[in-house]
Amino acid sequence: MTTPARVRVAPSPTGDPHVGTAYMALFNKAMADTTGGAFILRIEDTDRTRYVADSERQIFDALAWLGLNPDEGPQGHGGPGGPCGPYRQSERLPMYKQAAEDLIAKGKAYRCFCAGDRLDTLRKIQQAEKSKFIGYDGLCRGLKAEEVAANLAAGKPHVVRLKLRQDAEIQTTDLFRGQISFIGAEQQDPVLLKTDGYPTYHLAMAVDDHAMGITHVIRAEEWIPSLPIHFELYRAFGWDAPVFAHMPLLRNKDKSKISKRKNPTSLLWYRDAGFLPEALKNFLGLMGFSLPNDQEIFSYAEFLQNFDLRKVNIGGPIFDLQKLHWLNGEYIRRLDDRELEKRLVQHCRLMIGREAEFADLPEDQLPQETFLKDFEQKRRRQSRVLGALAAEIMTSYEVNPNLLLPIIPLIKERLHTLVEAADYLPMFFTRDFAYTREAFVPKKQTPEGAVAALREVRAILADADFNNPGVKESLDAAFRAKSEALGQKIGPFLGPVRVAITGASVSPPLVESMLVLGKQETLARLDNALKFLG
RNA sequence: GGCCCCGUCAUCUAACGGUUAGGAUACGGCCCUUUCAAGGCCGCGAUACGGGUUCGAAUCCCGUCGGGGUCACCA
């Protein structure tokens, strides 16, 4: 029923791997996977001025992290290669050059010797005149063959421009929107080949998509304005155009296109903040798409079973970090204990030696939006805590594989991100708490009562057998009975104890924590607290 | 500003032209509870506006308004 789709994602290696790249990769890969086609990664490195050396590797890593590996793509960094290579545009330069020459020979393109200065002033004049048309005026279209030859002989730098039809409507088609037409006379002749011999996006895209047998171009909506160029290019070459499907743009809270200043856009940020790749992937699948029966949590396999490009909702979705935060918590709770333990250890390893990177941000550099601001502040502190604890956790983990495991059930349902484990883990590795006298006296408790509670609880624990299977229940009962005997509610009664054992008034469950720590350690902590309170 | 795209709760979204416009996040309340969570229940909350077409419009058409994208030898 469906023919195999060949689709691609084509990021340019100009910085951190972008969440939008992951979004496009997901929908393109789904298209390939549901049709038995191929998902291709192509590196669009035709802008030498913006090239970032490590970026390509990061794109690879980020896609692999999300399980969005391409079927075909550049070699190196574990890339798969493929029959239509090379997949780096910088390695395909002769093809673009040839294609441009072909178009010139066919009279569909021409050499333009206009200098940048001329274009700048032209644009300024047009703007000053409030001209409806802003762009190149086609001056070099009229160059005679001798003039071109003379310019060439003189070694004058030039670009190659596509001759766009001036006299017609340019009809284009988008899978979601149907026909979109543009007035030819309102378009400028776009540059195909730059002075430096590199192609622009337009030329490289058409040549490569054709050469690689791309059937569907699923890309961001911001490309719609250049649709007439792309259709005209295919026409000039005499090639059939692929299906174009423009996905909605991910948005900031203010509905503008998602941007670094207003929202985290780097996939590295999401990884560092302790989002699980499967949760982020799921979340991206919720952007402009939905599964039947209101199902919001789904595996990639389930996503594929329900995937239908035509069902994409093209209203621009706001990337709601708060909902991702919730979703990630759901995913963490669904991990089995062993797996969560492993991920936490991995995350600790990721945090090592990066204290400077996670230093507190000054107020004016913090995000404006309240949830994100709060999240970012916490996450930096938590990252530092985990980084500092990492060596100890990893060593312990290697020495005793069961060390962390009993802790996992106590913290699992409290986490929304891995980094939040920083709020719960340290108490299991240190008894060196920086508590204050006031911390031991919560509401509905007195200093005398606090000391009394610590003594009573110590006495109960001293007689308890921590290895008895029913010890948790019997301790619960004993604490409750004692608090009642003292005329106190159980909460205020155990408040000081919680501080003594965990160092904080908010913690994992108290009795379970004691059992993980062991009798000796628990009693020692109570004694420390009693000594502290003098 | 020109061109183009889009408009269902604050947010993500559902709804063969016929539903009391559904679910989820967030928010509020209650329950559970040994702190914090998690969980359960309840609540708040939308078809931008105005015209058509139709027995009947969130859904089709037109206009208005609003939002966004784009106007590079960047992608």
Side-chain angles (χ1 to χ4, degrees), chain A residues 10-14 44-47 49-50 112 114-116 119-120 123 127 130-136 157-161 172 174 176-177 180-183 186-188 190-196 198-202 204-205 219-228 246 248-249 251 253-257 283 286-297 313-327 329-330 333 371 410-416 423-424 442 476 479-480 483 489-495 497-499 502 504-511:
Chain A
S12 56
T14 52
E44 309 236 335
D45 56 348
T46 56
D47 184 350
T49 60
R50 293 205 305 158
C112 168
C114 292
L119 301 180
D120 289 343
R123 195 175 313 121
Q127 280 163 350
K130 296 204 192 310
S131 166
K132 305 244 188 220
F133 178 84
I134 295 179
Y136 182 61
H158 69 280
V159 300
V160 175
R161 286 181 187 271
T172 71
D174 171 83
F176 306 129
R177 285 159 266 250
I180 305 175
S181 59
F182 299 82
I183 309 294
E186 291 174 354
Q187 307 293 321
Q188 65 169 330
V191 171
L192 261 25
L193 214 54
K194 301 184 248 184
T195 307
D196 63 5
Y198 277 66
T200 59
Y201 170 82
H202 308 298
M205 175 221 69
R219 62 183 0 175
E221 189 181 359
E222 59 188 326
W223 291 107
I224 290 179
S226 50
L227 219 33
H246 292 89
L249 248 16
R251 314 291 188 107
K253 256 209 159 68
D254 64 4
K255 301 215 185 241
S256 58
K257 162 167 98 168
F283 186 70
L286 249 18
M287 300 283 93
F289 198 75
S290 64
L291 265 52
N293 306 320
D294 299 316
Q295 185 180 355
E296 292 201 293
I297 301 178
N313 176 339
I314 56 177
I318 289 168
F319 191 96
D320 184 0
L321 190 67
Q322 208 165 356
K323 185 155 183 172
L324 173 60
H325 191 247
W326 161 78
L327 222 212
E330 291 288 323
R333 267 168 257 132
F371 178 82
L410 309 191
I411 68 173
K412 193 192 232 174
E413 68 195 23
R414 291 168 172 74
L415 301 180
H416 297 89
D423 290 346
Y424 306 109
D476 279 340
F479 291 161
R480 194 172 297 277
S483 75
K489 295 248 190 207
I490 187 78
F493 176 71
L494 289 177
V497 180
R498 186 179 303 281
V499 173
T502 72
S505 57
V506 173
S507 79
L510 185 56
V511 173

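What you see is a predicted model, and the numbers here were worked out from it, not measured in a lab. Chain letters run A, B, ... following the sequence lines, proteins first, then strands; residues in each count from 1.
- Distance check on atom C1': B:G29 versus B:G66 gives 35 Å, rounded to whole Å.
- Side chain of A:P509, nearest nucleotide from B:G69, B:C3, B:U35: B:U35.
- For a distance-only test at 3.5 Å, the side chain of A:R480 fails to qualify as a donor-acceptor partner of the base of B:U34.
- Relative orientation of the A:H202 and A:W223 rings is perpendicular, given thresholds of 30° and 60° on the angle between their planes.
- The side chain of A:H416 places an N or O atom within less than 4.0 Å of a non-bridging phosphate oxygen (OP1 or OP2) of B:A38.
- Residues A:G288 and A:P317 come closest through the heavy atom pair N-CG, 4.3 Å.
- Considering only the side chain of A:R161, B:C73 comes nearest among B:C74, B:C73, B:U11.
- Distances shown here put every side-chain N or O of A:R498 at or beyond 4.0 Å from the OP1 or OP2 atom of B:U34.
- In this structure B:G39 sits in a base pair with B:C31, meeting the Watson-Crick or G-U test at under 3.5 Å.
- Rounded to an integer number of Å, the gap from A:F319 CZ to B:A10 C1' is 18 Å.
- Sparse packing is recorded around CG of A:N293, with 12 or fewer heavy atoms of other residues, nucleotides or ligands lying under 6.0 Å away.
- Taking side-chain N and O atoms only, A:R333 has a distance below 4.0 Å to OP1 or OP2 of B:G39.
- One finds a side-chain N or O of A:S290 lying less than 4.0 angstrom from the OP1 or OP2 phosphate oxygen of B:A14.
- Within the 4.5 Å cutoff, no side-chain heavy atoms of A:Y198 are placed close to those of A:L193.
- Nucleotide B:U70 holds its C1' atom 13 Å from the CD atom of A:E186, rounded to whole Å.
- The nucleotide whose nearest atom lies closest to any side-chain atom of A:E44 is, among B:A75, B:G67, B:G1, B:A75.
- Among the heavy atoms of the strands lying under 4.0 Å from A:V191 are primed sugar atoms or P, OP1, OP2 only; no base atom is included.
- Between A:K412 and B:A37, a side-chain N or O to OP1/OP2 separation shorter than 4.0 Å is absent.
- Under 4.0 angstrom from either OP1 or OP2 of B:C74 there lies no side-chain N or O belonging to A:T46.
- A close approach under 4.0 Å does not occur between any side-chain nitrogen or oxygen of A:N313 and OP1 or OP2 of B:G7.
- Set against B:A72, B:G68, B:A75, the side chain of A:S256 has B:G68 as its closest nucleotide.
- Nearest-nucleotide mapping onto RNA chain B: of A:I183 and A:R414, the residue sitting toward the 5' end is A:I183.
- The interatomic distance linking A:H246 (NE2) with B:G69 (P) rounds to 16 Å, in whole Å.
- Comparing atom distances between the A:S507 side chain and each of B:U35, B:C12, B:U34 picks out B:U35 as nearest.
- Nucleic acid contact class of A:Q295 (heavy atoms, under 4.0 Å, all strands): none.
- The ring of A:F283 has its center no closer than 6.0 angstrom to the ring center of A:W326.
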task: Heavy atoms under 4.0 Å is the rule here; annotate nucleotides 20-30 of chain B 5' to 3' with B where the base is hit, S where only the sugar-phosphate is, and - elsewhere.
output: --BBBSS----

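- Contact record, A:P13 with A:D45: CG-CB, 3.7 Å, taken as the closest heavy-atom pair.
- Set against B:C5, B:C12, B:A75, the side chain of A:P317 has B:C12 as its closest nucleotide.
- Of the side-chain N and O atoms in A:K194, one or more sit less than 4.0 angstrom from OP1 or OP2 of B:A75.
- The pair A:E221-A:K257 fails the salt-bridge criterion, with no side-chain N (NZ, NE, NH1 or NH2) lying under 4.0 Å from an Asp/Glu carboxylate O.
- Ring pair A:H416/A:H325 is parallel by interplanar angle, where below 30° counts as parallel and above 60° as perpendicular.
- Look at the P atom in both B:A72 and B:G63: the space between them is 29 Å, to the nearest Å.
- Along RNA chain B, the nucleotide nearest A:G288 and the nucleotide nearest A:Q187 are compared for position; the residue whose nucleotide lies closer to the 5' end is A:Q187.
- If you measure from atom CZ of A:F283 to atom C1' of B:U13, you get 12 Å, rounded to the nearest angstrom.
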task: Take A:H246 and A:R177 through the side-chain hydrogen bond (donor to acceptor under 3.5 Å, both in side chains) test and state the conclusion after the steps.
output: CA-CA 9 Å; A:H246 292 89; A:R177 285 159 266 250; 4.9 Å; no

